[in-house]
Amino acid sequence: MLTTVTEGVRELLGLLAQGAPAEAFARPSAAARAAGAPAGELAALEEATRVALEVHRTLIQHRTREAELTALFDTAGDLAALRDLDSVLRAITHRAKQLLHTDVTYLSLNDEAAGDTFMRVTDGSVSAAFQQLRLGMGEGLGGLVAQTARPYATGDYQRDPRFRHTAAIDGAVGEEDLRAILGVPLRLGPKVIGVLFAADRSPREFGPREVALLSSLADHAAIAIDGARLLEETRRALAELGAASRVIQENSDALRRAEEAHDRLTGLVLRGGDIAEVAAAIGALLEGGTLIHDADGAELARAQADPCPPPARAVAASRAGGRAVAEAGTWVCAVLAGPELLGSITLTGRRGLDEAGRRLFERAATVTALLLLLSRSVAQTEDRIRGELLGDLLSPSADPGSLAVRARRLGVDLARPHALFVLHSDTAPRPRLLTAAAHHARDRRGLAGVHHDHAVLLAPSEDTGADAARLAAALGRTVGAPVTVGAARADGSPAGLPAAHAEALRCLSTLRSLGRAGDGSTLADLGFLGVLLGDRPDLSGFVRAALGPVLDYDARRGSDLVRTLRVYFATGMSRARAKEALHVHVNTVVQRLDRIGRLLGPDWQSPDRALELQLALRLHQVSAPAGPGAVSP
């Protein structure tokens with residue numbers, strides 16, 4: 001007996017050592033029974049078989065527990081080395097599938113905005129519809145777990161009435177052919193963020209151990225999700241911190257550059273730099289071409305740019321907004337002193353201008369405004385001094401010697417030929433007209449001011465009449481209204497300026513009486529009216545102006561067209577009476593008159609011109625001995 005029992009026990013121990021399946025443990029008892037062993041030996045051997053099976057079950061439970069703990073430890077290791085959330089979640093679902101020996105495992109996450117839960121990771125799934133499934137809260141098994149934060153299991157989902165079935169859920173589960181499903185919540189504290197599932201394609205009951213194991217894996221998944229969220233928030237915070245640091249550094253660099261540029265431009269102004277130097281400095285700082293214009297659009301300076309007018313719309317937009325604006329590939333900034341527009345700066349060659357560059361450009365406009373204000377203040381002071389000098393020059397009681405010295409200090413040489421211009425406009429304000437006159441005075445090294453309620457300009461001139469006409473046209477364009485200019489030539493001495501002013505004033509009054517607003521002239525250019533009104537008439541000049549071509553013809557040819565013209569007027573412009581007085585044939589009179597018409601122009605017989613010619617003939621007659629055969633009128 002001892003031998004049979006001993007051999008049987010030895011075989012059972014071998015089976016335990018080999019990890020043989022439970023059905024193998026029945027072989028020793030079966031062999032002893034077949035060998036006809038006594039009943040006592042068979043009873044002892046069966047008792048040993050029962051104990052061996054208990055040990056076998058205990059070993060299997062220990063191995064299963066060991067595998068579960070290993071899986072949990074591996075999952076914890078994955079969490080400790082978390083790099084990619086999806087990879088960790090896929091590892092968790094895969095381990096759940098292996099440990100629970102199911103066909104499919106999957107994990108869904110709650111969407112708080114949509115109010116449902118959606119598939120995030122699956123393992124073993126073959127249905128696309130199932131992998132994209134979304135479950136409303138309380139719908140199906142997963143929706144119920146997500147809503148109640150409690151685990152649920154079913155041996156056959158399609159037949160289980162505990163769950164709210166929907167066509168979408170049942171269709172996806174049916175397409176995946178799932179029967180048994182276990183779902184446990186993913187919790188972060190009291191909050192449910194999703195569900196972890198294990199499912200089989202055949203009916204099956206899930207025990208408490210399997211629920212506990214899947215719940216442990218769900219806890220790890222929740223930790224992974226929360227860790228990934230914290231990691232992402234940390235990364236985002238670090239990125240924002242880095243971006244903020246870069247912005248601070250960029251702003252600091254921009255501020256430093258702006259301060260350096262401002263100091264450079266301000267220093268340039270304080271050292272007496274002109275507008276051209278400022279334009280060049282702005283272009284160098286901003287790496288572009290620069291144009292500076294005044295408020296009227298006149299160019300003041302230009303550096304590395306072609307001439308072009310300022311874009312009026314951009315200047316208006318910059319003035320309204322107080323900032324530089326871009327237009328057609330250029331940048332424009334209004335130059336302001338409070339609400340007053342002093343001018344504008346145009347930056348060319350810089351389509352893109354970052355915020356720092358834009359602020360620098362705007363600072364440059366501020367410095368330019370400072371320079372223009374200083375220039376205007378200096379100009380206004382100089383204009384006031386020049387105006388005071390001009391007023392003294394036109395005063396008969398002033399000392400000519402001291403006035404000449406004061407004029408030389410202002411760069412005005414009164415010994416040169418000068419002309420005095422008296423200005424008038426019916427519509428343009430006098431201050432604007434005076435400002436325009438002062439600008440011309442500075443350009444021509446002259447003087448401008450107000451005298452006897454008229455703007456007056458004293459400037460060098462070689463051709464007073466032509467200069468008066470040009471000045472009237474130029475001032476009219478500047479002030480945008482007709483400007484009438486009466487002019488008189490000065491005699492090169494301060495003492496003669498009051499008389500020149502009186503003559504220019506008479507010329508202005510005559511022009512206005514004749515309806516010649518917007519014109520410029522001298523009394524001499526007004527013909528016989530100038531002779532009548534002038535207190536210093538140039539009689540020979542008037543005669544030459546009226547009869548010059550006829551006098552020159554007679555001098556060259558030895559003819560007597562002047563006498564013919566005198567007789568023609570004396571006989572009432574009658575050809576018949578003229579031929580009798582001249583003792584020539586009427587055809588000769590006609591030929592001579594035709595010649596006179598070609599010399600004097602087609603309008604020589606018009607009333608105004610005829611009157612002027614007759615006055616010139618009278619003056620010529622009294623200033624020279626009468627020729628033979630002269631006829632008195």
Under 4.5 Å between any side-chain heavy atoms of [X] and [Y], yes or no?
{"X": "Met137", "Y": "Asn110", "answer": "yes"}
{"X": "Leu141", "Y": "Asp160", "answer": "no"}
{"X": "Phe163", "Y": "Ile169", "answer": "no"}
{"X": "Asp86", "Y": "Arg90", "answer": "yes"}
{"X": "Glu139", "Y": "Gln147", "answer": "no"}
{"X": "Asp170", "Y": "Tyr157", "answer": "yes"}
{"X": "Leu100", "Y": "Thr105", "answer": "no"}
{"X": "Asp111", "Y": "Arg134", "answer": "yes"}

Is a side-chain N or O of [X] found less than 3.5 angstrom from the main chain of [Y], in a donor-acceptor match?
{"X": "Asp200", "Y": "Asp103", "answer": "yes"}
{"X": "Thr117", "Y": "Leu109", "answer": "yes"}
{"X": "Asp296", "Y": "Ala298", "answer": "no"}

Can you give me the closest heavy-atom contact between [X] and [Y], atom names plus distance?
{"X": "Ala301", "Y": "Ala279", "answer": "CB-CB, 4.0 Å"}
{"X": "Asp116", "Y": "Gly136", "answer": "CB-CA, 3.9 Å"}
{"X": "Phe197", "Y": "Ser108", "answer": "CE1-OG, 3.6 Å"}

Can you tell me which residue among [options] is in a side chain to side chain contact (heavy atoms under 4.5 Å, CB included) with [X]?
{"X": "Tyr106", "options": "Val195, Val121, Leu178", "value": "Leu178"}
{"X": "Thr330", "options": "Leu291, Val325, Thr346", "value": "Thr346"}
{"X": "Pro185", "options": "Asp219, Leu196, Val192", "value": "Val192"}

Which salt bridge (Lys or Arg N to Asp or Glu O under 4.0 Å) pairs, counting each pair once, include a residue from residues 322-338, with sequence neighbours left out?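 Those involving residues 322-338 are Arg313-Glu327, Arg323-Glu355, Arg323-Glu362.
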Is the number of heavy atoms from other residues, nucleotides or ligands under 6.0 Å of [X] [atom1] greater than 12?
{"X": "Glu112", "atom1": "CD", "result": "no"}
{"X": "Arg201", "atom1": "CZ", "result": "yes"}
{"X": "Arg162", "atom1": "CZ", "result": "yes"}
{"X": "Asp443", "atom1": "CG", "result": "yes"}

Quiz: residues 122-130 side-chain donor-acceptor pairs under 3.5 angstrom, not counting sequence neighbours:
residue, atom, partner, partner atom, Å
Asp123, OD2, His94, ND1, 2.8
Ser125, OG, Gln131, NE2, 3.3
Ser125, OG, Glu176, OE1, 2.8
Ser127, OG, Ala129, N, 3.4
Ser127, OG, Phe130, N, 3.2
Ser127, OG, Glu175, OE2, 2.8

